Structures are given as C-alpha cells and as structure tokens.
Amino acid sequence: MPATKVKEALNAMGAEVFYEKPLTSSDANGSGRIVIPKAIAEMHFPMLDNQAGSQIDAVDSMGNPYFFKFRFWINNQSRMYLLEGAAELQRRYNLRASDVMIFAHKPDKSLVVAGRPLADTDILRRPTTRKPCNGTPKREPRRLPGSIPKKPRRPSRDVQGSAHYDFNQFMAPIDGVFRFLLHSHGLDQSAVFFQSGVWTAVLDIKGEMYQAFFDSRNDALTAFNAAGYV
DNA sequence: AGCCATGCACCG
DNA sequence: CGGTGCATGGCT
C-alpha cells in the first residue's frame, strides 16, 4: 500500500495525522500491541482512570473498522501506554518492523489509522548500536515456592545493523504560538533554548507551563520577553 | 530522572 | 505454550 494512496484516502476522509510511529520489532511481533509514547497518549488519547483502559473504535483508510483497547501498564511510578488489537491492521497494510503506523483524527475526533512503508524523509536518529545483553540477568528470577530455578537463557538481542528511528519526536509547530504543556518533562522554569533543531521558549505562568517554537533565537527571545520575562 | 523497547515469569 | 503484565536496562 503506497503512502500516497494512504494520504489521499486520509485527506478524503478529512482526517488529520497527529502521530506516526515507525514500528519496533516489539510493535510488529504479531501480538498487536503497540506502545504509544506517553506524551502522545496523554495529548491525543482519552484519559485513563485505570490500567484496564478503554475501548477505542477506529477505522482505517480503507474503511475497515477496529476495536482497539487503549490501556497502560504501571512502569516505575509512571505509565506506559499501549494500543492492543492492531494485528489485523498490520496484516492489512503489510506492516513489519520499521514500517510506519499512522494515527489521525477525523473532524469529529474519531480515530483513523493506517500504515505505510518507511520513507527516506522519516527522521533518523541513531545509526545503530543497541548492545547485545551479555551475561546473566541480575534480577533473581521470580518463581513459585518450591519450584526449580531455571537457568537463565541467553537473550537474543536484535543486533543486526538496522537503523533506529526517533519515534518520540513529534513535529514541533514552529509558529510561535504558546501551548499548554500538560506534562512538562522536567521543565519547570521559564527558559529559551535550542533543542531538536528548533528554538523553544518555555514559560512558567503561575505554575503552569507553556511552550512555543521559533525559527530563530531572536524570535524566541522577543516572544519570551513580550510575555514579561527577562 | 524518566521513557520506552523488550525480556521474561507467570498463568490460563 | 501463547498471551499478559511487569521488570529490566539502554539511552537521553
């Protein structure tokens, strides 16, 4: 399924893409579980009260219906979001690891999904290097009382020279518009800085964080200062 | 300091 | 033995 066709279909539906995830091998291993980056999940998906999650109905660019389960795991003190039930979609669009799953909204806010092959224009971060995990795991394996400890087996890490992609970077709207930051990634004071190729201004307004992106340091500083900061 | 890719124990 | 949910650890 060519990317252009998919885009046409999405356009025809009036669907606006808000996230594209190059699938990892874990995403594409057939389980149908897709990890949704926390920032994306909390910006574009329904808020979840319990980790049981909720069902999300969607259609793909060909009109096929889906009934995903959107949920999260507890990971450390935080959440790790997942979309379950994507195996059929991956089958229909022939998605393998490093192909891209597309998330879009219709004007009525309903979810539209699709897939496409990885394009040259997709952002690339690290060329490779995920190190093989040598040696035995440090953690004591969990086991039932009285059961026999298992010999830990050598993990089969994926060491092939495949590229890694920056899934987590979302497209910063470089329009100088300050937007509310629900989760401020540790940014807790006003600042202007250059990050991921864009000038960023962050404002702390009575404890609430806002952020905007600019082409130049000067633009960022101007807006920053106009907001009453020095 | 925390995300997230993924390993893997546990349970059906 | 395949799926669930959590733990680990690389990486930023």
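None of the values given here were measured: they were computed from a predicted structure. In the text below, chain A, chain B and the rest are named by the order of the sequence lines, each starting its count at 1.
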Stepwise side chain to side chain contact (heavy atoms under 4.5 Å, CB included) check, A/Ile36 with A/Phe72: CA-CA 9 Å; A/Ile36 308 291; A/Phe72 65 87; over 6 Å; no

Short side-chain N/O contact to [N] OP1/OP2 from [X], under 4.0 Å:
X	N	answer
A/Ser78	B/dC3	yes
A/Ser25	B/dA5	no
A/Thr24	B/dT6	yes
A/Ser26	B/dT6	yes

Between A/Asp27 and A/Thr24: side-chain donor-acceptor atoms closer than 3.5 Å: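 Yes, side-chain donor-acceptor contact under 3.5 Å.
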
Pair A/Ser78-A/Asn76, side-chain donor/acceptor within less than 3.5 Å: no

Between [X] ([atom1]) and [N] ([atom2]), how many Å, whole number?
X	N	atom1	atom2	result
A/Leu82	B/dT6	CG	C1'	12 Å
A/Trp73	C/dT8	CH2	P	15 Å
A/Arg79	B/dA5	CZ	P	18 Å
A/Ile74	B/dC3	CD1	C1'	14 Å
A/Ile34	B/dA5	CD1	P	10 Å
A/Met80	B/dA5	CE	P	6 Å
A/Lys69	C/dG5	NZ	C1'	13 Å
A/Lys21	B/dC3	NZ	P	14 Å

Closest to side chain of A/Gln51, choosing from C/dC6, B/dC3, B/dT6: C/dC6

Test: A/Glu16 and A/Lys106 ion pair at under 4.0 Å: no

Derivation and outcome, side chain to side chain donor-acceptor pair (under 3.5 Å), residues A/Asp60 and A/Tyr66: CA-CA 8 Å; A/Asp60 67 21; A/Tyr66 299 89; 2.6 Å; yes

Base of C/dT8 paired with side chain of A/Asn75 (donor-acceptor, under 3.5 Å): yes

